[in-house]
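This report concerns only the one structure given below.
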Amino acid sequence: MTTIKTYNAISTIGLDYLKQHDYEINTNDNPKGILLRSQNLHNEEIAASVRAVVRAGAGFNNIPVDDLSKRGVVVFNTPGGNANAVKELTLASLILAARPVIGAIGFANETRGGDVSLRTEVSKGGYRGTELAGKTLGVIGLGNVGSKVANTALALDMDVIGYDPGLNANTAWRIDRHILHAKNVQEVLQKADYITVHIPLTDKNKFFIDSDSIALMKPTAALLNFSRNGIVNDLAAKAALDNDKLRVYITDFADEALFDHPKVIITPHIGGSTVEAEDTSALMAARQLDEYLTTGNIINSVNYPDIDEPFTTKYRVGIIHENVPNMISQISKFFGDNDINIEQLSNRAVGAYAYTLVAINNFSDAQQEYVKTALDEIPHVILTRRYVNENY
């Protein structure tokens, strides 16, 4: 039986899926896969037996991706699994940015005696807000979450302008035709009354919203960060709030610099914390892990290219290697030199790494044993795995 290690109380729906597919959960020290949510793996020893790490959620900055990539460990996430949950919290925060609901609730709770509405009538002016209808929402990042936020904001009668540096046909298909596509991020920052950011945290995107970005915004603008801690420079946001260059900042990521600030609302990283989102993400994670370990298909990897091909032959060999010239010809020659007929060969590359999946029917025991180690001796090959189609 294949063993999987799990962290962070992964939803039982994901664990049940793995158990139904003959996986053992946390029973020995040699797991083939790790399934987690927010556990920080950067300071943990990851067993040499591990072939895949799957994060039940979109972010993966809690996983040492670079180190695992060098080892041939595939890292997955579950994009879209919690998209609706994050969308709903973002929309709730838009309302909190428009109406001083939290302060009004506190005022009402502190008022004692008689009719609260009558007693607070004199002070109601202090809790007058604005409506979202007719205001412009700027959405930076139009992926699974951003596209949902943008489309739903239209139903609130907002004008929506969006920008995504990675805009492609799939993204465009998700976005309502009434959403204005900005030519650059500066256009969004200058035009929007409300700005929400939904992009992944990478080295390139660190402090994507900084003091220069905020300087382009309207001083009456509201800034929302339900993406990742580090996308917004919190110190720059605080300085803008202190100098009346920004009206309000709402974030799902606690930063000590923001605590007790009257113009800041902090939620404790609960964007994806719904029963439905946790179940959806856990099931996606379990299925992706099972698919890779049993068929070699890679779906939603963050460090290697995706290949998702029907497993129609008796065997497969998955080869993770560096993205350098002449690899395909070397791999093909290896199989030919060893009288192994290739039924199909799929190859994809992304960045420094590539993945080749070789489909085989006639594959003797001796050939399989030889391939296990001999392929790894080809320069730039990182890891080789064999897969058997039990349904063939």
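- Under a 3.5 Å cut-off, the side chain of Asn62 and the backbone N or O of Arg37 do form a donor-acceptor pair.
- Listed for the Asn297 side chain is a donor-acceptor partner under 3.5 Å among the backbone atoms of Glu309.
- Side-chain atoms of Lys87 never come within 3.5 Å of backbone atoms of Lys148 as a donor-acceptor pair (strictly under, hydrogens ignored).
- Side chain of Thr251 to main chain of Ile266: no donor-acceptor pair is present (N/O by atom type, distance under 3.5 Å, no hydrogens or angles).
- The heavy-atom pair separating Ile307 from Ser346 by the smallest distance is CD1-O, 3.9 Å.
- One N or O on the side chain of Gln367 and one on the backbone of Asn338 form a donor-acceptor pair closer than 3.5 Å.
- Between Leu36 and Ile63 the shortest side-chain heavy-atom distance falls below 4.5 Å.
- When the shell of 6.0 Å around CG of Asp260 is examined, it contains 12 or fewer heavy atoms from other residues, nucleotides or ligands.
- Cluster annotation: Tyr23 is connected to Leu15 through the hydrophobic network of ILVMFWY side chains, with a link wherever side-chain heavy atoms come within less than 4.5 Å.
- The shortest distance between side-chain heavy atoms of Thr3 and Asn30 does not fall below 4.5 Å.
- Taking a cutoff of 4.0 Å between a charged side-chain nitrogen and a carboxylate oxygen, Arg348 and Asp306 do not qualify as a salt bridge.
- For the residue pair Ser301 / Asn303, a side-chain donor-acceptor distance below 3.5 Å is found, with atom types taken as modelled.
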Test Asp67 against Ile46 for side chain to side chain contact (heavy atoms under 4.5 Å, CB included), laying out the working first. CA-CA 10 Å; Asp67 291 341; Ile46 298 174; over 6 Å; no
Worked check of side chain to side chain donor-acceptor pair (under 3.5 Å) between Gln20 and Asp16: CA-CA 6 Å; Gln20 290 165 10; Asp16 289 345; 5.5 Å; no
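- Using a 3.5 Å distance cut-off with no hydrogens or angles, the side chains of Thr6 and Asn26 do pair a donor with an acceptor.
- A donor-acceptor distance shorter than 3.5 angstrom exists from the side chain of Asn323 to the backbone of Gly351, with no hydrogens or angles considered.
- Closest non-hydrogen pair, Val149 versus Thr196, comes out as CG1-CG2, 4.2 Å.
- When only modelled atom types and interatomic distance are considered, Asp279 and Ser11 share a side-chain donor-acceptor pair under 3.5 Å.
- In plain terms, the two heavy atoms of Tyr17 and Ala286 that are nearest each other are CD2-CB, 3.8 Å.
- Remark: of the listed residues Asn229, Ile265, Ile270, Ile270 is the sole one forming a side-chain contact (heavy atoms from CB on, under 4.5 Å) with Asp252.
- A salt bridge is defined here as a Lys NZ or Arg NE, NH1 or NH2 lying under 4.0 Å from an Asp or Glu carboxylate O, and Lys238 with Asp242 meets this definition.
- Note on ring orientation: taking the six-membered ring where Trp is involved, the planes of Tyr127 and Phe107 are tilted (angle from 30° to 60°).
- When hydrophobic clusters are built by joining Ile, Leu, Val, Met, Phe, Trp and Tyr residues whose side-chain heavy atoms come closer than 4.5 Å, directly or via intermediates, Leu258 is grouped together with Leu246.
- Taking the six-membered ring for Trp and the full ring otherwise, the centers of Tyr304 and Tyr355 sit at least 6.0 Å from each other.
- Distance alone, capped at 3.5 Å, is enough to place a donor-acceptor pair between the Asn77 side chain and the Ala58 backbone.
- Side-chain N/O atoms of Glu44 and Asn40 include no donor and acceptor closer than 3.5 Å.
- Cluster annotation: Phe76 is not connected to Ile34 through the hydrophobic network of ILVMFWY side chains, with a link wherever side-chain heavy atoms come within less than 4.5 Å.
- Here the side chain of Asp244 pairs no donor or acceptor atom with the backbone of Arg247 at under 3.5 angstrom.
- Seen from the ring of Tyr292, Arg51 does not count as a face-on cation partner, given the 6.0 Å and 45° thresholds.
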Going through the checks in order, is the side chain to side chain donor-acceptor pair (under 3.5 Å) test met by Thr384 and Asp376? CA-CA 6 Å; Thr384 302; Asp376 291 342; 2.6 Å; yes
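- Open room surrounds NZ on Lys245; 12 or fewer heavy atoms of other groups in view lie less than 6.0 Å from it.
- With ring centers used as reference points, His198 lies 6.0 Å or more from Phe226.
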